[in-house]
Amino acid sequence: MAPTRGALLLMGLLGAPAVWAQEVPPSPAEAGSSTPRDDQTPSKDAPTPRVEARETDTPASRAPEPPPPPLEPTVLDAPFLDAEPPPPAVPPRPLRPFIPHGEPDTEAPLSAATWAAHGGVTLLPLGTAWAATRVGGDTRLGATAAEAAAGTVLASLPGRFLFVHPSYPQGRWMELEVGAFGAAMVVTPPVAALGTWGMGEIAFGDSQQPGRAYLGALGGAAAGMLLGLAAHEGLRHLAGSSERLDFVRRYLALSLIGSGATVGYQWSRTPTPRH
């Protein structure tokens with residue numbers, strides 16, 4: 001009996017670890033509460049877990065994005081130098097040039113009446129110089145002609161601005177043109193009177209009253225200037241678009257100023273008696 005009990009005890013001791021080593025299946029409660037570990041991969045048939053959006057991921061709760069920086073112009077954005085500018089919204093109205101007698105033409109012929117008028121005005125200064133010998137005490141034609149010539153030469157210096165015409169379209173006068181014409185109207189008679197008076201007092205005998213003689217020459221020069229301007233504009237109107245004899249017309253007007261100063265000087269002066 002003793003060996004039998006020892007054998008049974010030995011077999012019991014050797015068989016207990018084998019029974020304990022067997023895997024015990026989990027209970028249903030433990031199987032439901034268990035979660036897969038990170039090293040276990042989900043199967044293909046398992047449903048994908050749904051991830052709920054959090055309140056912080058909504059568009060309204062997001063911070064506004066800053067606007068993009070403005071684009072800087074480059075060389076390609078600049079207009080080309082040879083590019084034509086865009087046409088204006090309202091086209092400018094063209095100005096009609098003011099040409100009363102047409103375009104000037106230096107080769108345009110003059111009519112017979114125009115030639116006759118120019119010849120008649122040419123004789124007017126000569127007749128005025130001769131008339132100066134009839135109104136004063138000096139009857140020498142050479143002296144009065146020299147006095148008229150001196151007044152004409154000095155009158156031509158500022159008198160060239162007496163023939164200024166408007167150069168702006170529509171016949172408008174500009175400030176410089178008005179100033180030049182006005183200055184010539186004021187300065188020309190005293191200068192012409194000074195030439196006539198100086199020639200008469202120095203070359204052909206002095207006067208008893210030099211101041212009165214100069215005032216007479218000044219009045220005659222002013223009257224001759226108005227007559228000369230009227231004659232110049234009348235001849236210019238007859239010539240029309242022709243510029244022929246324009247030089248002659250201007251110096252005819254200036255010679256009328258000098259001869260007018262001579263008539264006034266001879267009429268107002270009282271020669272000093274010769275000893």
On a heavy-atom basis, which atom in Ala221 and which in Pro189 lie closest, and how many Å separate them? CB-O, 3.7 Å

Donor-acceptor pair, distance only, cut-off 3.5 Å: does the side chain of Thr133 make one with the backbone of Ala129? no

Where is the tightest heavy-atom contact between Ala132 and Thr262, given as atom of each residue plus distance? CB-CG2, 3.9 Å

Any sub-3.5 Å donor-acceptor pair from Tyr251's side-chain atoms to Ser156's backbone N or O? no

Is it the case that one hydrophobic cluster holds both Leu226 and Leu252, taking links as side-chain heavy atoms less than 4.5 Å apart, direct or via other members? no

Are Leu162 and Phe247 connected in the hydrophobic side-chain network, where two residues link if heavy atoms are under 4.5 Å apart? yes

Does atom CZ (Phe161) have a neighbourhood of more than 12 heavy atoms from anything else shown, all under 6.0 Å? no

Report yes or no: do Val248 and Leu254 belong to one cluster of Ile/Leu/Val/Met/Phe/Trp/Tyr joined by side chain heavy-atom distances under 4.5 Å? no

Should the ring pair His232 and Phe163 be called parallel, tilted or perpendicular, given that the plane angle runs from 0 to 90° and is split at 30 and 60? tilted

Leu176 atom CG: more than 12 heavy-atom contacts under 6.0 Å: no

Any chain of hydrophobic side-chain contacts (each under 4.5 Å) joining Leu256 to Met225? no

Would Met185 and Val187 show up in the same hydrophobic cluster when neighbours are defined by side-chain heavy atoms closer than 4.5 Å? no

For the backbone of Pro210 and the side chain of Trp197, can you confirm whether one donor and one acceptor N or O come within less than 3.5 Å of each other? yes

Between Thr128 (side chain only) and Gly260 (backbone N and O only), is there a donor and an acceptor less than 3.5 Å apart? no

Have Tyr265 and Glu201 got a donor and an acceptor in their side chains that come within less than 3.5 Å? yes

